[in-house]
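Worksheet: one structure, shown below.
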Amino acid sequence: MAAASPGAAEAFGSTLAERLGTLQAALPPSTRLLAVSKGHPAELMRQAAALGQRSFGESRLQEAIAKQDALADLPDLDWHFIGRLQANKARAVLRHFGTIHSVDSLALAGRLQRIAAEEGLTPGILLQVKFRPDPAKTGFEPEEVRALGADQDRLAPLRCLGLMTIAPLGLTAGERLELFRECRALADALGLPDCSMGMSGDWREAVAAGSTWVRLGSALFGSRPIQP
């Protein structure tokens with residue numbers, strides 16, 4: 001398999017170790033790095049794990065399962081599902097991931113809740129929220145999340161950890177910062193600790209707004225050699 005070209009990673013160093021070190025040093029203690037490994041081979045993830053990275057984000061179920069099998073000798077890896085979750089894959093995702101960042105409707109939450117109870121699982125979830133119109137993305141409207149309010153226990157055995165959002169394309173840095181601040185403010189109002197926001201192109205604004213998880217793929221690994 002051909003190696004990934006550096007792409008967006010060039011600014012952070014010429015090797016994986018340099019890039020990981022640079023990114024970790026740039027993040028405050030309150031922000032954790034979720035290495036978006038979708039499209040990258042298990043061996044590259046193994047290299048990152050040897051450097052201390054433990055949390056990895058995947059969005060293609062079968063690809064992720066194959067990697068989990070290949071990395072089964074590293075049982076302390078922390079697997080996060082970050083893609084759009086199809087209802088018919090809910091059970092398999094729950095079995096293979098401890099945290100789901102993309103719960104985008106009450107219907108999906110209810111399905112996950114039922115299956116998690118059947119499986120004896122207590123996964124962490126984040127509610128995906130749309131703070132700006134974006135036909136390319138799904139998610140709760142902020143008003144829906146506010147209405148859920150303090151009644152988050154209704155989602156048990158799911159553990160609602162926080163909110164996730166993705167900034168639409170075309171926003172300025174200032175507009176992205178404002179959007180991320182709105183997400184942080186809503187999470188705080190609901191007493192939720194986590195905000196998963198910020199990717200390789202906008203993580204700095206997300207960190208400034210109070211992100212607790214930044215989802216970085218190309219900045220860390222380079223462009224993806226594995227095609228869908």
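These figures come from a predicted structure and were not determined experimentally. All values below come from the heavy atoms of this structure, side chains included, with hydrogens, waters and symmetry mates left out.
R204 meets the salt bridge (charged side-chain N to carboxylate O under 4.0 Å, His left out) test with no other residue; sequence neighbours excluded. In this structure D194 satisfies the salt bridge (charged side-chain N to carboxylate O under 4.0 Å, His left out) test together with R32, sequence neighbours excluded. Residues satisfying the ring-ring contact (aromatic ring centres under 6.0 Å, His included) test with F97, not counting sequence neighbours, are F81.
Note: E144 CD to D104 CG = 10.0 Å, rounded to the nearest 0.5 Å. Atom CG of L121 is separated from atom CZ of R159 by 10.5 Å, given to the nearest 0.5 angstrom. The structure places CG of L85 at 5.5 Å from OG of S102, a figure rounded to the nearest 0.5 Å. Atoms SG and CG, on C195 and L186 in that order, are 8.0 Å from each other to the nearest 0.5 Å. Taking CE of M45 as the reference point, atom CG of L16 lies at 11.5 Å (rounded to 0.5 Å). We find the CG-CZ distance between L192 and R184 to be 8.5 Å, quoted to the nearest 0.5 Å.
Residues G217 and S200 approach most closely at N-OG, 3.4 Å, considering heavy atoms. Of all non-hydrogen atoms in D202 and A167, the two that sit nearest each other are OD2-CB, 3.9 Å. The two residues L51 and A17 come nearest to each other via the heavy atoms CD1-CA, 3.6 Å. Nearest heavy-atom pair across P168 and P133 is CG-O, 4.1 Å. A pairwise comparison of heavy atoms in A49 and L77 identifies CB-CD2, 4.1 Å as the closest pair.
Following chains of ILVMFWY side-chain contacts shorter than 4.5 Å, one cannot reach V36 starting from L220, and the two form parts of different hydrophobic clusters. Residues M197 and M164 do not share a hydrophobic cluster, clusters being chains of Ile/Leu/Val/Met/Phe/Trp/Tyr side chains in contact below 4.5 Å. Side-chain heavy atoms closer than 4.5 Å link hydrophobic residues (I, L, V, M, F, W, Y) into clusters, and following such links, possibly through other members, connects L71 to F56. A single hydrophobic cluster is not seen to contain both V145 and L126; linkage of ILVMFWY side chains at heavy-atom distances under 4.5 Å, directly or through other members, places them apart. Side-chain heavy atoms closer than 4.5 Å link hydrophobic residues (I, L, V, M, F, W, Y) into clusters, and following such links, even through other members, never connects L27 to I82.
Within the 4.5 Å cutoff, the side chain of H101 has no heavy atoms near those of the Q128 side chain. No side-chain heavy atom of T212 sits less than 4.5 Å from a side-chain heavy atom of S196. Inter-residue side-chain proximity for L94 and L112 is flagged as met; some heavy-atom pair is nearer than 4.5 Å. With a 4.5 Å cut-off on side-chain heavy atoms, I166 and R215 count as touching.
With L127 as the partner, the side chain to side chain contact (heavy atoms under 4.5 Å, CB included) test is satisfied by one option alone out of V103, T165, L190: V103. Shown are T99, L161, L155; of these, the side chain to side chain contact (heavy atoms under 4.5 Å, CB included) with I125 is made only by L155.
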Can you check side chain to side chain contact (heavy atoms under 4.5 Å, CB included) on W213 and T31, steps first, answer last?
-> CA-CA 6 Å; W213 284 105; T31 306; over 6 Å; no
Begin with the C-alpha distance, continue with both residues' side-chain angles, and end with the deciding distance and a verdict on side chain to side chain contact (heavy atoms under 4.5 Å, CB included) for L23 and L216.
-> CA-CA 9 Å; L23 289 166; L216 302 184; 3.9 Å; yes
How far apart are the C-alpha atoms of V129 and C183, what are their side-chain angles, what is the distance that settles it, and do they pass the side chain to side chain contact (heavy atoms under 4.5 Å, CB included) test?
-> CA-CA 8 Å; V129 187; C183 186; 5.7 Å; no
Starting from the C-alpha separation in whole Å, work towards a yes-or-no answer on side chain to side chain contact (heavy atoms under 4.5 Å, CB included) for L163 and F140.
-> CA-CA 10 Å; L163 307 179; F140 288 91; over 6 Å; no
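Listed by first then second residue, pairs satisfying salt bridge (Lys or Arg N to Asp or Glu O under 4.0 Å) with a partner in residues 49-59 read R54-D76, E58-K67, not counting sequence neighbours. Screening residues 167-180 for salt bridge (Lys or Arg N to Asp or Glu O under 4.0 Å) gives R176-E205 as the qualifying pairs, with residues at least two apart or on separate chains. Contacts classified as salt bridge (Lys or Arg N to Asp or Glu O under 4.0 Å) and involving residues 88-98 (residues at least two apart or in different chains) are given here: R91-E118, R91-E119, R95-E119.
Side-chain atoms of S59 and R84 form no donor-acceptor pair, as typed in the model, at a separation below 3.5 Å. A donor and an acceptor atom, one from each side chain of T22 and E18, are nowhere located under 3.5 Å apart.
Between R132 and E182, at least one side-chain N (NZ, or NE/NH1/NH2) sits under 4.0 Å from a carboxylate O, which counts as a salt bridge.
Relative orientation of the H40 and F221 rings is tilted, given thresholds of 30° and 60° on the angle between their planes.
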